[in-house]
Number of protein chains: 2
Amino acid sequence: MNETMPDTGPMTIDAETRMQGGEDHRAELRLWLRLLTCTTLIESEIRSRLRARFDVTLPRFDLMAQLEKAPEGMTLGDLSRRMMVSAGNVTGLVERLVQDGLVDRRPAPGDRRSALVNLTEKGRTAFEEMAHDHGDWIGEMFDGLDETDIDTLMRLLGKAKTSARAAQARVFPSSTDKDDAHG
Amino acid sequence: MNETMPDTGPMTIDAETRMQGGEDHRAELRLWLRLLTCTTLIESEIRSRLRARFDVTLPRFDLMAQLEKAPEGMTLGDLSRRMMVSAGNVTGLVERLVQDGLVDRRPAPGDRRSALVNLTEKGRTAFEEMAHDHGDWIGEMFDGLDETDIDTLMRLLGKAKTSARAAQARVFPSSTDKDDAHG
DNA sequence: CTCAATTATTTTAAGCTTAAAATATCTCTC
DNA sequence: GAGAGATATTTTAAGCTTAAAATAATTGAG
């Protein structure tokens, strides 16, 4: 055997992974489309039911869901990060929810740039009612999966999440350690 | 002691884990949130890269991707069903793509209500370049998954899709989506 | 302390998205 | 071959969403 050039199988990966000339990602693309289909399907159905039954939009429901888990309230920045939407988006959503009386906004103690957002009593009551049905609906959507399916999906989607975050971090290296902006 | 009810694990009776009247869909809710996180994460990253490298929006890319698979062209209705977005949405997207010269619109032969949309030569060339990078990016996002992971995810997401469609069909009759097995 | 950089939020402009109503055409039945 | 209902698309109004620029307050280095 010639050992000067050991075949290592799939080419060794270095930090700056470069996509090979002929690599095809057919399987990954199909997976991505299916993931998207599943999400869109469920999201549309939930959106439509929330509107029909409670006359509320999905983004407003999502925002209230975040607040319900934070009895101390959340800043707009917290909401933006948690919901994975832009800060400007949150500004508008909170504005409209304040109008509806479902949420309130008050200055954050100790930081005059910041505001704390909370569910009002009306908001909490409304949310609890919606959340109950919402939970049932999600249960219904996944009715065809058994416990093992769910566990497996949780595990593999966790893996996918980690993988996607790594890809994201590769393009946005957590700077702050470089003086690329030459002052 | 009592062997009529085998212990299946942590079945402690705190007020929250008791199922009285209503079922508990905590596992399904967690799965839904994780599915949503995965999708949002990847979608945001793809959206951002498409904008940065090609100055194109994700919905426009998606529409062009549908057209590329249909050399005979597609009607607006076809596009709406395949992309799982409203008809009015497609009207606007096509309008803007026509403006950009990436797509053309012509009357459908034999049905004066309908229009056929096609990629222009410019559109096809532009799309092929974008699709190449897009494929690499998706490959990168799922880099942490091996072949088995992908197969398993495909299978279980297929099951989830079927389940969600069943739930949807209980209220609405519908069909069509974008990850159906096809050519 | 002082000023530059950072952080929190808002504003702006453009585009996306939906639901519902409106328009136009087609198809089918009698 | 009329008219009823279905289908394809557009329009409208409202709201969602983002990126980028602007505003305001905080932090930290010197």
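Sequence lines set the chain letters: A, B, ... in the order given, protein chains first and strands last, and positions in each chain run from 1.
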side-chain contact (heavy atoms from CB on, under 4.5 Å) involving B:Thr57 - partner list, sequence neighbours excluded
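Once residues adjacent in sequence are excluded, the partners of B:Thr57 under the side-chain contact (heavy atoms from CB on, under 4.5 Å) criterion are B:Arg51, B:Pro59, B:Arg60.
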Most 5' of A:Met84 and A:Arg112 on DNA chain D, judged by nearest nucleotide: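 Result: A:Met84.
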Would you indicate which nucleotide in [options] comes nearest to any side-chain atom of [X]?
{"X": "A:Pro59", "options": "D:dT17, D:dT9, C:dT9", "result": "D:dT17"}
{"X": "B:Arg60", "options": "C:dT10, D:dT9, C:dG15", "result": "C:dG15"}
{"X": "A:Arg96", "options": "D:dT9, D:dT26, D:dC16", "result": "D:dC16"}
{"X": "B:Leu93", "options": "C:dT17, D:dT9, C:dT10", "result": "C:dT17"}

Tell me what [X] touches on the nucleic acid: a base, only sugar-phosphate, or nothing, going by heavy atoms under 4.0 Å.
{"X": "B:Ser86", "value": "base"}
{"X": "B:Ser80", "value": "nothing"}
{"X": "B:Gly77", "value": "sugar-phosphate"}
{"X": "B:Ala108", "value": "nothing"}
{"X": "B:Thr91", "value": "base"}

Would you call A:Asp133-A:Arg53 a salt bridge at under 4.0 Å N-O?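 Yes, this pair counts.
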Length of the [atom1]-[atom2] vector between [X] and [N], whole Å:
{"X": "B:Arg51", "N": "D:dA19", "atom1": "CZ", "atom2": "P", "answer": "6 Å"}
{"X": "B:Arg47", "N": "C:dG15", "atom1": "CZ", "atom2": "P", "answer": "15 Å"}
{"X": "B:Asp111", "N": "C:dT27", "atom1": "CG", "atom2": "P", "answer": "6 Å"}
{"X": "A:Leu79", "N": "D:dT17", "atom1": "CG", "atom2": "C1'", "answer": "16 Å"}

Presence of donor-acceptor pair under 3.5 Å, side chain of A:Arg113 and base of C:dT7:
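Indeed, a donor on one side and an acceptor on the other fall under 3.5 Å apart.
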